[in-house]
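Reading through the structure tokens given below for one structure.
So you know, we letter chains A, B, ... as the sequences are listed, proteins then strands, and number each from 1. Computed over heavy atoms, backbone and side chain alike; hydrogens, waters and symmetry mates excluded.
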Amino acid sequence: HYAMKVKVLSRNPDDYVRETKLDIQRVPRNYDPSLHPFEVTREYTRALNATKLERVFAKPFLASLDGHRDGVNCMAKHPKSLSTILSGSCDGELKLWNLTKRECVRTLQAHEGFVRGVVVRFCGSSFFTIGDDKNIKQWKMETPGYGEEEEPINTILGKSVFTSIDHHHKDAVFVTSGQQVDIWDEQRTSPIRSFSWGVDSINCVRFNPVETELLASCASDRSIVLYDMREAAPLKKVIMTMRSNTLCWNPMEAYHFTCCNEDYNLYTYDMRYLDKPYTVHMDHVSAVLDVDYSPTGQEFVSASFDKSIRIFPKDGGHSREVYHTKRMQHVICIKWSSDNKYILSGSDEMNIRLWKANAAEKLGMLAPREKAAVNYNQKLKEKFQHHPQIRRIARHRHLPKAVYSQVKEIRIMKEARSRKERNVRKHAKPGSMPVVTEKEKHVVTVVK
Amino acid sequence: MKSKFLDIKLMIKTPLNYSECSDDERKHCRLLEAISSLGGKTRKKLTERSEASIQVSEFTVNAEGEGDKINLSDLIGTLDKAPTALTATKKQLKNLEHNHTALDTPLTRKETEQIQRVVAFEKTSKEVSRWQSVVVQNQKAEQLVFPLNQEPSGPKRMEHVVSGWKAQTPLEQEIFNLLHVNQQPLHNPVLTQNEEATMKAMSLEEAKIRRAELQKVRALQSYYEAKARREKKIKSKTYHRVQKKVMRKEYLKRFDEMVKTDPAAALEELKKMELSRMKERMSLKHQNSGKWARSKAIMAKYDDGARKAMQQQLEVNKDLTMKLVIPTNEEDEDEVAEALPDFVNDAEPILDPINPWMRGKLSTEPAAQEESNCLVPPAAGPGDVKAGDGPDLLREEEEQVEETEEEAILRGFEERRKLRRAKDAVEVAPVVMEESEGKVKQLITTIHSRMNCQHARERADPCVSQGEGPALLEEGLVRVRTLEDMELLGQDVSACEPAPQTTQTLSTEQTEPQSATKQADGKRKRKKMIDPNEVLTKEAKVIKVPFAPTAVEDVEDTDEQRFIIKEAFAGDDVISDFLKDKKKQESAGMPKVVDLTLPGWGEWGGGGLQPSRSKRKRFRIKVAPPPPRKDQKLLNVILSEKRNSSVAAHQVTYQVMFPFTNPAQFERTIRAPVGHTWNTGNAVQKITAPKIVTQLGAIIEPISREELVKGENQAVTGKSNLRSDQGPQQKRRSQQKKKHKHKKN
């Protein structure tokens, strides 16, 4: 009487049976590196393919919102609703748009002449507009009911023309600029505080979204001035070689702001050290008119007179993306949507354009496996970004001929200038011509 | 504004109405103006107010009578026709004016405003700087999830969801009453109030850490207590005596250390010792006056042990009553300084006295030494002695003579060695960098200046990028729509790549030849370096530097470094090395005979049996020799022909890319695969986690002040969302290794 031992091949079904039939088949795999000698080459090929596909799918333009009868002069985001956007045009008309439907939901004649600025209150219940008719008007966000007239809640008659408006991010306070920077309480008809430093008119004023009591303004005397709402006097002024048009604070870094300049560049400043910009962002070939940070504070988008939009990393000297279309004229205003997905540009030829912030991104919900693939591809592209083939493909952008030739021209000019400087330095007394960095070049002086 | 002009010395009476003035008066005015302008203060030109704005610049405004001095009495000038009381006040005011005890004029508005602004700016910038830690943390974070202050996902407690719920039935009410009495949570049945409070006070991890610390402390305490108790129980006197001795020794050792490390504490100890000495002297406890001592003194005659005990006692007394001499540090140093000869303080780059390379001075021949002396700053020589110390001078001269003798001997050795080498390799000629010193210096200075610039550029923030860096985009007129277009783009690469690089190079005169043949660039440099003729004739201006990069790498204190290296390689035979190298490469490039014979195939095989010669001949395959090397006729050049142009298009051309500090680092990252083909699912997820995660359709608010508080707390506790230096990939590798070990086991 004996029992025979029979060895049977047995495996745990958990190792090879999928949980549901919707799952992919389990593939047992040996991860021993010695069994995979061609890891790098295979990944390189994958990275190359991913890069190519990215460029093939890079179609950033989504929609054009038309309806204005004059150039779009200003835009505002709704702080509580992603789908709402406001735009004011050069004929005094203001439009509210629904982005999901891509249509105008409300039109009102806000001012006579330009609508210079529009800003939504932090709660999203009302918005303020300013115009060339020296008025500040507050409007309800809701569309008036049937039979009701389209009338502002409040109207303040100013003494001079206002050029820009911004609202405090937490309190019922807003700020306007014009001949001076005025800080208004919503309940009062006269400013609670006025700052002036010099007499030149101020183009733009912006509240700091993080340290909410701080302000910065650009004036036509080429200066950028910092203010603290709680102080009696302005804080500091920096004068640059050319005028800054607008500025925008970084929403994630309290002390950084970027201003867009007439000299084709953008400058990111650390507000504590105004003597030199933190970064100079170059690439535009004409005056930069507007700038807006992404809500993550990692990038910003700029609108330029050269009919293009560029996206810059916050500390990159050059743009990572350039958007343009044949029909888009000088871009006057730009906004980055607060979900970090879209960019809106308002331009001279009466249209508002909706762009994707990441040109090749697939919109909408992604399946988990799709998401994983996207992440993997992204990582691959990042890993092999220095390889020449991949870099070449990833960086290639089409430019309109006018812009392209201007880029070339500017490059030649720059080279010539630097060559001349070098030559002059060579023949000058050693030490008599110190090397001035690009950052130092553009600041004239800091005024205390 | 008026106060600015109060100090003008010259009084000018300007007539009230210009229209009534005669010509003479006008001339007079002009004259006065001219005179006043002579006084150093240039008067501003009158400008017209032409702007229509409300506000006018202070620099373009002026009014009549601007430069006039105002008397205090002028202020009541309008009350001229008033009664006599006013004249009295006028007088008083005049007196006041002459009074020298008057207060200083207040600062001008401009100045006060500036002061205000400066103060306000400093305050705000300090306030804003609190964000620094948060900003840096976010910059370094491996992943940022937006919106920042998200509510925790997952199931929520019932009570949070249904907040309006109330106890209605009598049973429920009864239960709730009971709970209420016992302070049990009503709306939050999981945790009591106290528990929640503790939860808020300390996180679980912190609590764990704290508990572990406390445990450790308690354990240590109990060990010490037990030990002390055990020692206390020991009755043996010798044990305690020995123990005391050990203690004393230890104490002394500690004291010695303390003198070096913490003099203040040592002084305190010294004071304590002094106090004990005083006590001893007062009590004379250890002299022979005590009861025990007296009894021992009696015993001492007969008992050896007692005598020893007495002596010990006296020694203790001596020790205790001896006055300590405090060693002062300055004196010591002085002594040391005097003891050492002067040349010790001279700068001496020699690090290793044994290494003959480092004593390059000896290896050079006298003529060469002279040459090098004209290059080397003479300060380093031992011969230079300060004027004024005569005997020193003599002594040093003697030393020098001795040294020269030594040198001569050493040089003899050196020469013999050289001769031997020359016999070894006939075609010897040292590798010398032909680059003139001026060029090297220039290169170094330019690098220096560039580095300086970069340093200056760097600010408080660690992450600084260059504004003038290369463009991120390559813009062109070609639209890329399909994959075929991409292929075309890829083909362009090789043609297009070098162009932007050459435009960036500084040297303008060299750009053209450089861009022409980039391939052989590195080799060409080498070619430039070697020129045996130059070396053999030993011309004056030849400088021996190994290779450009090594000289360039360490830019700090360049001169010294350079000379060290120069001297270090002075006796080195680089040329023969180079030739050997070349031969090695040539032989490596030659095709090898392939032997395909299979022993035992078609014939008998086994140990000690060789395949037949005919078979070996048949199966030994000779490969055709490669085309002759390009550097065959070039003696001083190695031209490497390994570069595969088809692969080269895909290879990285730069030496070091931005986030990496050396090529090895870069290679390591490239070598580590990230895909799921080579990694486990979890590892892939971790490796490929995107840097920024946003939620679809969620509004991202600007960072709020709560984050600042959080960040500060983290800074205090030392926590951060930064991961350890070991990257996920390395971790993965190590995990895998472990796994394989398991498998093998």
Side-chain angles (χ1 to χ4, degrees), chain A residues 31-32 36 39-40 43 52 55-56 82 160 179 199 209-211 228 231-236 251-255 271-273 279-280 295-296 298 315-320 322 338-340 375-376 378-379 383 386-389 392-393 395-399 401 404 407 435 437-439 448, chain B residues 54-57 113-114 116-118 120-121 124-125 128-129 131 135 138 146 449 453 457 459 463 465-469 471-480 483 486 489-490 493 497 649-650 652-654 657 670-671 673-675 678 687-688 690 692 694 697-700 702-703 736 740:
Chain A
Y31 293 117
D32 185 356
H36 301 283
E39 300 165 319
V40 179
E43 285 216 318
K52 284 176 183 172
R55 289 329 299 162
V56 167
L82 278 175
S160 59
Q179 288 200 337
V199 290
V210 187
E211 284 290 330
D228 191 331
E231 304 288 343
L235 301 179
K236 214 169 206 183
M252 290 295 153
E253 294 169 12
Y255 42 75
M271 67 158 276
R272 298 165 298 169
Y273 314 103
T279 319
V280 182
T296 59
Q298 305 293 315
D315 20 63
H318 292 274
S319 57
R320 76 154 169 85
V322 55
S338 22
D339 61 347
N340 199 31
N375 287 347
Y376 177 47
Q378 193 57 42
K379 188 76 195 174
K383 186 178 161 187
H386 301 292
H387 288 71
Q389 296 266 0
R392 174 77 178 158
I393 293 167
R395 286 181 176 185
H396 181 84
R397 295 289 180 282
H398 169 251
L399 275 187
K401 196 173 178 192
Y404 179 74
V407 167
V435 182
T437 58
E438 189 65 31
K439 287 177 186 175
K448 277 178 192 168
Chain B
I54 300 167
Q55 292 170 333
V56 185
S57 168
E113 271 180 358
Q114 188 181 335
Q116 271 180 358
R117 284 194 297 254
V118 168
F121 177 75
T124 1
S125 63
V128 164
S129 293
W131 286 96
V135 169
N138 285 348
F146 294 103
S449 64
C453 286
R457 251 181 259 160
R459 271 274 173 60
C463 173
S465 64
Q466 310 103 325
E468 305 131 79
L472 283 175
L473 300 181
E474 282 163 25
E475 291 147 352
L477 295 172
V478 189
R479 264 185 204 277
V480 175
L483 285 170
M486 307 271 181
L489 260 189
V493 176
E497 262 317 295
H650 295 271
V652 178
T653 46
Y654 296 116
M657 270 65 62
I670 290 293
R671 228 179 293 130
V674 292
W678 306 280
I687 296 165
T688 61
I692 288 165
T694 54
I699 291 174
I700 301 166
I703 198 166
Q736 270 186 13
H740 291 308

Among A:His386, A:Glu253, A:His387, single out the residue with the greatest number of heavy-atom pairs under 4.5 Å to chain B.
-> A:His386
Cut-off 3.5 Å, side chains only: do A:Glu43 and B:Trp678 have a donor facing an acceptor?
-> no
Contact class of A:Glu231 relative to chain B, heavy atoms under 4.5 angstrom = side chain
With a 4.5 Å cut-off on heavy-atom pairs, point out which of A:Lys401, A:Arg320, A:His396 contacts chain B the most.
-> A:His396
Most chain A-contacting option - heavy-atom pairs closer than 4.5 Å, from B:Gly476, B:Ser129, B:Ala698, B:Pro690 = B:Gly476
Under the 3.5 angstrom rule, does the side chain of B:Arg117 hit a backbone N or O of A:Lys448 as a donor-acceptor pair?
-> yes
If you look at every heavy atom in A:Tyr376 and B:Val674, which pair is closest and at what distance?
-> CE1-CG2, 3.4 Å
Straight-line distance of B:Arg479 CZ to A:Arg397 CZ, nearest 0.5 Å | 12.5 Å
Say you draw a straight line from NE2 of A:His398 to CD of B:Glu475; how long is it, rounded to the nearest 0.5 Å?
-> 11.0 Å
Mind ranking B:His650, B:Met657, B:Glu113 by heavy-atom pairs under 4.5 Å with chain A and telling me who comes out on top?
-> B:His650
Most heavy-atom pairs under 4.5 Å with chain B, out of A:Leu82, A:Val40, A:Thr296, A:Val322, belong to A:Thr296
Most contacts with chain A, counted as non-hydrogen pairs under 4.5 angstrom, among B:Val478, B:Val652, B:Leu477, B:Ile692 = B:Leu477
Give the minimum heavy-atom separation between A:Ala233 and B:Gln116, together with the two atoms involved.
-> CB-OE1, 3.8 Å
Toward chain A, the part of B:Ala120 with a non-hydrogen atom under 4.5 Å | both
Got a second to check how far A:His318's NE2 is from B:Leu473's CG, nearest 0.5 Å?
-> 9.5 Å
Closest non-hydrogen atom pair between B:Ala649 and A:Pro388, with its separation = O-CG, 3.1 Å
Residue from B:Thr694, B:Val118, B:Ile670, B:Val480 scoring the most non-hydrogen pairs under 4.5 Å with chain A is B:Ile670
Roughly how far, to the nearest 0.5 Å, is the CH2 atom of B:Trp131 from the CE atom of A:Met252?
-> 9.5 Å
Among A:Pro251, A:Pro209, A:Pro295, which has the most heavy-atom pairs under 4.5 Å with chain B?
-> A:Pro251
Would you give the length of the straight line joining atom CG of A:Leu399 to atom CD of B:Glu474, rounded to the nearest 0.5 angstrom?
-> 12.0 Å
Measure the OH-OG distance between A:Tyr255 and B:Ser125 for me, rounded to the nearest 0.5 Å.
-> 12.0 Å
